[in-house]
2 protein chains.
Amino acid sequence: MISGKFAITLHILTLLSKAPEDFLSSDYIAGSMNMNPVLVRKEIANLKKNHIVESKEGKNGGTRLLKPAAEITLNDIFKMTFETVTFGYSKNEPNPECLVGKQINQNLGNLYDDINQKISKQLSEISLLNFADTF
Amino acid sequence: MISGKFAITLHILTLLSKAPEDFLSSDYIAGSMNMNPVLVRKEIANLKKNHIVESKEGKNGGTRLLKPAAEITLNDIFKMTFETVTFGYSKNEPNPECLVGKQINQNLGNLYDDINQKISKQLSEISLLNFADTF
DNA sequence: TCATACTGTAATAAAATAGATTACAAATTT
DNA sequence: AAATTTGTAATCTATTTTATTACAGTATGA
């Protein structure tokens, strides 16, 4: 299983980018995604922490982008919703008596680092605007 | 969360590659990984389905590689343990009345396809032998 | 000013997935 | 024949993800 944070966040931002002046409510956004508004607000909290959006409380409140969609890359979104891509580690500590067990996590980490660099490069070449324009 | 299938399978194969003549038991392998032998046998079942290893039942039985470690790529392992890399989809069907909701999964899928191509290319350039040689 | 409509956030529950364990039949070796 | 190992099903436990409930705080505007 993989958490839907990236997909949810990108969905939120796509909606916001389509109406950059307006404050959209978490309820409206949740309606487009068919999910609970509280979860939307949680992802928005993360976006705020990263200075991508601002929110206004109270009646007619909601959330809007803090900067143009052209200046937000999918890599920015990736970084704030995943630490890294990994293909996983074994859950338990491997046996340190074993040559392979002793080093496997280090070597997997190196491999995953390389992959992440490539993914980040690719995602940094796509802006939110690029993505939103495909709708 | 992400399943450890890739990491577990790669660990198994690394061990097998270090003793390509011998049949290693699931119990021995599980010892190196500090995990349950039944789970090891399940991943081995997957490897057998993909003609990467063969097993022998009975006393002194176990598993060994069917082909040289140089001829197995990390992409082969990736393909048999993950369908694809995704950064996830929202769990629920999005709202088909919404322009964004209607298309989001398609557009995410396209993005993920592009990423998978790059990852596959990168992984196909690393053989099991290459990986095992770093131990 | 007061009802309304929002956000923010904590606490808890439910659902889904991953991993561990148990059990035992079948196969092979010695 | 005894011992060892795979193969696999069934079940249980742990962990993670998602949903829900609840409510305090804030802004709007009639």
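These numbers were taken from a predicted model, which means no experiment stands behind them. Chain letters run A, B, ... following the sequence lines, proteins first and then strands; every chain starts at 1.
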Carboxylate-amine/guanidinium proximity below 4.0 Å for B/Arg64 and B/Glu21: no
Separation between CD1 of B/Ile115 and CG of B/Asn110, rounded to the nearest 0.5 Å: 11.0 Å
Whole angstrom value for the distance that separates P of C/dT7 from CD1 of A/Ile12: 11 Å
More than 12 heavy atoms of other groups within 6.0 Å of A/Lys18 NZ: yes
Parallel, tilted or perpendicular: ring planes of A/Tyr112 versus A/Tyr89, cut at 30 and 60 degrees: perpendicular
Shortest side-chain distance from A/Leu39, nucleotide among D/dT18, D/dT8, C/dA20: D/dT18
Of B/Val40, B/Leu39, B/Asn34, the residue whose pairing with B/Asn36 passes side-chain contact (heavy atoms from CB on, under 4.5 Å): B/Leu39
Spacing of CG belonging to B/Leu66 relative to CD belonging to B/Glu71, to within rounding of 0.5 Å: 11.5 Å
Atom-pair distance (NZ on A/Lys91; P on D/dT16), nearest Å: 9 Å
Pairwise 5' ranking along DNA chain D for A/Pro37 and B/Ser55, keeping only the more 5' one: B/Ser55
Contact nearer the 5' end of DNA chain D, comparing A/Asn34 with B/Val38: B/Val38
Nearest-angstrom distance from the residue atom CG of B/Asp27 to P of C/dT22: 14 Å
Interatomic distance where CG belongs to B/Asn92 and C1' belongs to D/dA19 [whole Å]: 9 Å
Whole-Å gap separating P (D/dT16) and NZ (A/Lys5): 14 Å
B/Tyr28 OH: over 12 foreign heavy atoms closer than 6.0 Å: no
Gap between atoms CZ and P, on B/Arg41 and C/dA23 respectively (whole Å): 14 Å
A/Ser26 vs C/dT7: side-chain N/O to OP1/OP2 distance below 4.0 Å: yes
Side chain of A/Asn36 - closest among D/dT21, D/dA9, C/dT9: D/dT21
Under-3.5 Å N/O pairs linking protein and nucleotides 28-30 of chain D:
{"from": "D/dT28", "atom 1": "O3'", "to": "A/Asn60", "atom 2": "ND2", "distance (Å)": "3.3"}
{"from": "D/dG29", "atom 1": "OP1", "to": "A/Asn60", "atom 2": "ND2", "distance (Å)": "3.4"}

Interatomic distance, A/Arg64 CZ vs C/dC6 P [rounded to whole Å]: 17 Å
Nucleotide C/dA10, atom C1' - distance to NZ of A/Lys42 in whole Å: 8 Å
